[in-house]
2 protein chains.
Amino acid sequence: MRKVFQAELHQVGEQLVEISRLVTEAMQKATTALDTADIELAQEVIAADARIDFLQTDLDERSIDILALQGPVASDLRMIVGALRMSTSLERMGDLARHIAQLVRLRYPDPVIPESMRGTFREFAEKDIAISEKLTELLEARDLDLSAEIDMINSRVNELHAGVFKAIADPAWDSSGPTTVDVSLASRYFERFADHGVSVSRKVTYLVTGEWRPNGQSV
Amino acid sequence: MRKVFQAELHQVGEQLVEISRLVTEAMQKATTALDTADIELAQEVIAADARIDFLQTDLDERSIDILALQGPVASDLRMIVGALRMSTSLERMGDLARHIAQLVRLRYPDPVIPESMRGTFREFAEKDIAISEKLTELLEARDLDLSAEIDMINSRVNELHAGVFKAIADPAWDSSGPTTVDVSLASRYFERFADHGVSVSRKVTYLVTGEWRPNGQSV
């Protein structure tokens, strides 16, 4: 019985890693689509999001079954409750990649991001993808240094996000209403993606150390 | 033992109702602050959000303790896992009321919403508050008709949200960059608030009927 249980727990962990990998892939494609106004790539991201949603629902049901049938305690229980929460955050990260792809589709063949903001959004993309990659690694290896690195990258994402809002507020900003909204929404998607990444990494830390840092002090 | 357990379950339910009430109050104050550029009311909402966050964390810990100590099964287990999820959504609704209040504080003494949009945002406020009130009632009384009503109000919120984006895209739209962003963000906060309300109401339905409707068909 115990052996079956450990195998089930292990599977839950594996599935989190798989979801995290799919999220990274979605973000890579969505940001490339954003940079190159590539509608086919955008459609691909939108279609692939259903797979992430399915895996999340499946993982949730699996976790609830484990709770019901095994009545786990202590660190096993923490792991299951943690998995329930992490899967929700990862699924939202997938949604955010999809939202970026949907902006690309909405404006196609026009680019979503005006020329003056391209550099900022390329850096956004690079940072968010880095967070997602480190998250996958963290879920696999439980190396808490990665959590500190994710916090640091997230700080930079927050700076970029603040910079976008400052640019929009500048009298020199001359884009149309819809472009202004697109830029602010896209910026918010990148910021939320990174923030969910931090939230998952914090849950991993909690699982490993038992210490919860809701207010996000760095490690 | 069983009696203690039922009392604990009951407490979890009561605490969800309490959080839902605080969320309603936060949204009432935040929307009044938005309509009247009332900075003191906005500050009150921002300060009161800590209480919602505290109650959510407390409820989560309590739920995890119940899982650990009682190993509940079947409908009791569903109730606890449901509570863990609902508290997360309710806490986010509180955050969204706070975000609205923060917009008021950011632009004070100027109003956040331009004159031409005031009517729309008053209706947004009315609908979101109605959703929040019905949610509290639903959590108390488990009357599933309320869940269908929440779905209907949410449809109207989605229409309002689409209307805002249409207005911004109109060539006649002549607000500044920051105002455009504020309006689109505020609109999104109202839309997200309603959406989380729907998500909580769906979880209540799941608890009562055991049927999960992730795609949001109405009851």
Side-chain angles (χ1 to χ4, degrees), chain A residues 50 53-54 56-57 60-61 63-78 80-82 84-85 87-89 91-92 95 99 106-107 164-189 192 195 199 206 212 214-215, chain B residues 50 53-54 56-57 60-61 63-78 80-82 84-85 87-89 91-92 95 99 106-107 164-189 192 195 199 206 212 214-215:
Chain A
D53 292 352
F54 168 78
Q56 190 241 330
T57 309
D60 277 14
E61 279 166 15
S63 303
I64 292 172
D65 281 352
I66 295 177
L67 286 173
L69 301 173
Q70 313 276 5
V73 292
S75 68
D76 292 343
L77 174 63
R78 257 192 354 217
I80 294 294
V81 172
L84 276 169
R85 288 174 166 158
S87 74
T88 307
S89 292
E91 189 263 327
R92 291 234 166 80
D95 285 349
H99 289 337
L106 178 70
R107 300 303 173 202
V164 167
F165 280 72
K166 215 177 140 202
I168 289 170
D170 194 290
W173 180 259
D174 61 355
S175 292
S176 70
T179 300
T180 306
V181 171
D182 286 355
V183 168
S184 72
L185 280 181
S187 179
R188 197 172 153 80
Y189 296 151
R192 297 306 307 150
D195 196 64
S199 142
Y206 165 72
W212 185 241
N215 296 320
Chain B
D53 292 353
F54 169 78
Q56 189 242 329
T57 309
D60 277 14
E61 278 166 16
S63 304
I64 293 172
D65 281 352
I66 295 177
L67 286 173
L69 301 172
Q70 313 276 4
V73 292
S75 69
D76 292 343
L77 174 63
R78 260 194 349 219
I80 295 294
V81 172
L84 276 171
R85 285 171 168 162
S87 74
T88 308
S89 290
E91 189 263 326
R92 291 233 168 80
D95 285 348
H99 289 337
L106 179 67
R107 300 303 173 202
V164 168
F165 279 72
K166 217 178 139 204
I168 289 171
D170 194 289
W173 179 261
D174 62 356
S175 293
S176 70
T179 300
T180 307
V181 170
D182 286 354
V183 168
S184 72
L185 281 181
S187 179
R188 196 172 154 81
Y189 296 152
R192 296 308 306 152
D195 196 64
S199 141
Y206 165 72
W212 185 239
N215 296 320

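Below, chains carry the letters A, B, ... as their sequence lines are ordered, and counting in each starts from 1.
Between the CG atom of B/Leu77 and the CG atom of A/Leu69 there is a distance of 9.0 Å, given to the nearest 0.5 Å. Separating the CZ atom in B/Arg188 from the CZ atom in A/Arg188 is a distance of 6.5 Å, to the nearest 0.5 Å. Of the inter-residue distances, the one linking B/Thr88 atom OG1 with A/Leu84 atom CG reads 10.0 Å to the nearest 0.5 angstrom. Distance CZ/A/Arg78 to CG/B/Leu67: 14.0 Å, rounded to 0.5 Å.
Partners of B/Arg107 under the salt bridge (charged side-chain N to carboxylate O under 4.0 Å, His left out) rule, at least two apart in sequence or in another chain, are B/Asp182.
Contact of B/Ser176 with chain A is not made at all, since no heavy-atom distance falls under 4.5 Å. Looking at B/Ile80, neither its backbone nor its side chain comes within 4.5 Å of chain A, counting heavy atoms on both sides.
Comparing B/Val183, B/Val81, B/Val181 by how many heavy-atom pairs each has under 4.5 Å with chain A, the most go to B/Val181. Counting heavy-atom pairs under 4.5 Å between each of A/Ala167, A/Ser63, A/Pro178, A/Pro72 and chain B puts A/Pro178 at the top. Most heavy-atom pairs under 4.5 Å with chain A, from the set B/Asp60, B/Asp76, B/Asp170: that is B/Asp60.
Contact record, A/Gly177 with B/Thr180: O-CG2, 3.9 Å, taken as the closest heavy-atom pair.
Each ring-ring contact (aromatic ring centres under 6.0 Å, His included) pair with one or both residues in residues 165-184 of chain B, not counting sequence neighbours, appears once here: B/His161-B/Phe165.
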